[in-house]
Each structure stands twice: as C-alpha cells, then as structure tokens.
Amino acid sequence: MSTFGPRHLLGIEPLTRAEIETVLELSGRFLEINERPIKKVPTLRGKTVINLFLEPSTRTRTSFEIAAKRLSADAINISGSTSSTTKGETLLDTARNLDAMSPDVVVVRHAQAGAAEMLAGRLRAAVVNAGDGAHEHPTQGLLDILTIRRRLGRVEGLTVGLVGDIAHSRVARSNIHGLLKLGARVIVCGPPTLVPAPIERLGVEVAHRLDDILPRCDVVNVLRIQFERQRNGLFPSIHEYALLFGMDSARLSRAKPDVLLLAPGPINRGVEVTPEVADGPHSAILQQVSNGLAMRMAVLQLLCGRTGAEE
Ligand code: CP
C-alpha cells in the first residue's frame, strides 16, 4: 500500500513527512536500477509524460525525460520557444490542448507562482510543478534532501544553511518545507535585500553574515543569484557578494570538517562558489543530478498510481 496520497506534486509544503519518506525510499530503488548496464524497466509502459517547460532548464527537463524513458513511458518535450504560446496562446489553453491528447503526467515549469496549481485544478493529467516563479520547485527540494540523506546518513537533527538569493528562490522554499518536516534546523543567510523578513515565520533562523553561521552548518546549500528575476541594485557588486557569501577554499576551511556543499545549479562559478570548491571533495553537485533522476523516476511512478519498481 503506497503512503503517497496526492494526485499532483505541486510543492513540498502540502506533503506529509510519510509522503516525503515514500519518495526518498522509492528513489533509492531507482538509484540501483540506474547503475545497471540495462537501465530500462517496463513500469510505465503505455503511459505518456509531457514536459511543458516555459522557462529554460537543463537538469530538470532532461532528467524528467530520461526518467520517463527509463520507466518505458513516452516522453514529449515542449519549450516556450517552440510552442504556440509564442503566438499568444495562454498557458491554460496550451495545457488543455495537450491534456486532450490524454497524457498521464504533465510536468510544467512557468515563471508565474501558482501556474502548476492552476493547471492541476483543470487538467485530467497529474501535474508536477517543475518550478513556478519564486514559489516552489519540489523535485529539487526532494533531490537535495535525498542527497543529504545519502551522504550524511540522516536529515533529522542536522543544521542546513541556505545561502544567497532567498528572495527569488523557489528551491529555498521547497528545501525549507522538506527539511523542517524531516526534523532539520534551517538557517537562511544572505544580504538583507535578498532575504525577505517574513520568511522567519516558516520556522527558519535568519542570518546575514555567513561567517557567523558557517561553523554550525552540517550542510551548506548555495543558491544561485537569480539575475533574471531581480531588479538592479539589490547588492553593491558581484565582487562584494562573492567576498561576503561566496564559498571559497578559505571559507570552507572554517566550516565543519565534513561539511556537505550543495548547489541546485546552474551555478555562477566565482560568485556563489569558486571552481575549486564546486569541484572539490565536499561538493555533491553532480551527485545531486544523479539523485534527481532517480527521484523523478519515483515521482512519475507514484503519480501514475503504481507501487514498487518492476524488475
Ligand atoms: N536546478 C534546476 O532546476 O536546474 P535547471 O534549471 O537546469 O532545470
């Protein structure tokens, strides 16, 4: 009996701890399948997954496509530039026309917060939120948590620092909801202009000096400065941001000896993180991508209503 109740995955906020645990556990089984010479299983044969990405993506779109194909589902990719949204069609009209072709899952990324939820109320297909504005990016939050658990063996009791552009980050919100539900302590840290004060109400600690909180962190998740969502002048210069909040070797040496470094990607090398840290032994950046593929396989399987990975 599956302990995953929702028909859609719109965020981590609505999930129970048991539902998060179900996704994490099933992801582990798909990680094993992804290590096999033959990685395809028949679990979702006959199912159709549409990836409707109206904002750019490398990791999320590609991993949903590979996830669907490894489960033997048909995967169709639609981007903003190749869809009829460029001719003025609304998101809802586009999605309803796709829904008329009877897909089982529509994975949607959109610049507007609430876009996935709006579609979930109107489509027959299950909807996965692959990022809606600055609201949530649930599969990124889940893969970050999966990576922490696999590298450190637990989430409960850990202190996780989310560093950088909290204001514009859907990844931050999904991490916060998931980590708190699993018993971690969360510190959000960045310049005051990039950390909205009300975020404290979610149950996180707010800090503005990375060097003060770093020695307490078991995990540091460095969030990209989202230049595309910002108006100008939120901090004096990229150079100053990198000096105060960038993870470089000197700063890393003042962290816990086994601190884990995460970054959702894409990263601005030399801004949030220097190349030697991004590519160094504390970094799990590429492991996050591998874990994300397995976790998205788990999500597709759970939403398509099957239980247990078929061999
Ligand atoms: N982390 C993330 O969502 O990456 P993409 O924008 O490449 O999908």
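Just so it is clear, the model here is predicted, and its values are computed rather than measured. Read the numbers this way: they start at 1 and go in the same order the structure lists the ligands and their atoms. The first residue in the sequence is number 1, and the count goes up from there.
- At least one donor-acceptor pair under 3.5 Å links the side chain of Arg154 to the backbone N or O of Glu156.
- Of the protein's heavy atoms, Thr58 N, 2.7 Å lies nearest to atom 7 (O) of ligand 1.
- Distances shorter than 4.0 angstrom occur between a heavy atom of Gly265 and an atom of ligand 1.
- Residue contacts with ligand 1 for Arg224 are absent, since no atom lies close enough (heavy atoms, distance under 4.0 Å).
- Heavy-atom minimum distance, Met118 versus Leu92: SD-CD1, 4.0 Å.
- In this structure, atom 6 (O) of ligand 1 lies nearest to the protein heavy atom Arg109 NH1, 2.9 Å.
- Among protein heavy atoms, atom 4 (O) of ligand 1 sits closest to Arg59 NE, 3.0 Å.
- Each of the atoms 2 (C), 3 (O), 4 (O), 5 (P), 8 (O) of ligand 1 lies under 4.0 Å from some heavy atom of Thr60.
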TODO: Could you go through the salt bridge (Lys or Arg N to Asp or Glu O under 4.0 Å) check for Asp165 and Arg224 one step at a time?
DONE: CA-CA 6 Å; Asp165 187 355; Arg224 183 174 66 88; over 6 Å; no
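- Considering every non-hydrogen atom in both Ala298 and Val23, the closest pair reads CB-O, 4.0 Å.
- Between Glu55 and ligand 1 there is no heavy-atom distance shorter than 4.0 Å.
- In this structure a side-chain-to-backbone donor-acceptor pair under 3.5 Å is present from Lys39 to Arg36.
- Exactly one residue among Thr159, Leu214, Asp218 makes a side chain to side chain contact (heavy atoms under 4.5 Å, CB included) with Lys256. That residue is Asp218.
- Counting atoms of ligand 1 from 1 in the listed order, those under 4.0 Å from a heavy atom of Pro264 are 1 (N).
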